[in-house]
Amino acid sequence: MEQLVRVRETHDDGTAAVVHIRESACSGDCHKCSGCGAAKETVIFTAENPIGAAVGDFVKVESSTAPVLKAAMVLYVLPLVLFFLGYYLGTLPGSFGALGGGLGFVLGVAIVIAYDRLVVNKANLHYTITAFADTTTVRKEEENHG
C-alpha cells in the first residue's frame, strides 16, 4: 500500500513521525453535493526514513499489504464461509434447518470480534518512506487539505 504523507518530525534512529489526513469515501467535497460534512481524521505514525526526508516534506510511504489482506480475509470471508457451512449442515436430515446458516454467521462474527481484540495491539504494519512526492501531487494535496 502506498500513501502520500507529510513528515512531522524526524528522529535520530532513522525514523520519522508522519501525518496522513484520512478523508471519508466521498472525499470531503461536501460543499459540492450538500452532503454530510464528514470530518477529516488525522493519523500520525512512525516510518523508516532511509531517504533522509526532513520536517515538512511530502513523501510516499509504503507498507506491506499482508496484514491488511489477512484482516480483510477474516472480516469478510470467514463469516460468509461459516454461514454457508452452517446452512449446509442445517439442511441435513434431523438438523436445525436454515437456522444453521444464521448460527454459522453469528459464530463468524464472534470470531472476527475476538480476532480484532487480539490483533489490535499487535499490528504488524511496517512503514517505509520510499520517495519524495512530485510537485504536482503536492500541490493537489495542499489544495485538498488547505
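A donor-acceptor pair under 3.5 Å is absent between the side-chain atoms of Arg8 and the main chain of Val18, judged by distance alone.
Taken to the nearest 0.5 Å, the NE2 atom of His20 stands 12.5 Å off from the CD1 atom of Ile44. For the atom pair Ile129 CD1 and Lys60 NZ, the distance stands at 13.5 Å (nearest 0.5 Å). Taking CZ from Phe132 and CD1 from Ile51, the interatomic distance works out to 4.0 Å, rounded to the nearest 0.5 Å. Ile113 CD1 to Leu75 CG: the interatomic distance, rounded to the nearest 0.5 Å, is 10.5 Å. In this structure, OG1 on Thr128 lies 12.0 Å from CD on Glu2, to the nearest 0.5 angstrom.
Counting non-hydrogen atoms of other residues, nucleotides and ligands closer than 6.0 Å to CZ of Phe105 gives a total of 12 or fewer.
Cluster membership check: Val7 shares its hydrophobic cluster with Val43, using side-chain heavy-atom separations under 4.5 Å among Ile, Leu, Val, Met, Phe, Trp and Tyr. Side-chain heavy atoms closer than 4.5 Å link hydrophobic residues (I, L, V, M, F, W, Y) into clusters, and following such links, even through other members, never connects Phe83 to Tyr115. Leu78 and Val109 are assigned to two separate hydrophobic clusters, defined by single-linkage of ILVMFWY side chains at heavy-atom distances under 4.5 Å. Connection of Leu92 to Leu85 is established within a shared hydrophobic cluster, with ILVMFWY side chains joined at heavy-atom distances below 4.5 Å, either directly or through further cluster members. The same ILVMFWY cluster, assembled from side-chain heavy atoms under 4.5 Å apart, contains both Tyr76 and Val112.
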Going through the checks in order, is the side chain to side chain contact (heavy atoms under 4.5 Å, CB included) test met by Leu82 and Ile111?
-> CA-CA 10 Å; Leu82 289 176; Ile111 292 171; 4.0 Å; yes

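For the pair Thr15/Asn49, no side-chain contact is recorded, criterion being any heavy-atom separation below 4.5 Å from C-beta on. The shortest side-chain heavy-atom distance between Phe45 and Val5 falls under the 4.5 Å cut-off.
Across all their heavy atoms, Phe58 and Leu4 have their closest contact at CD2-CG, 3.9 Å.
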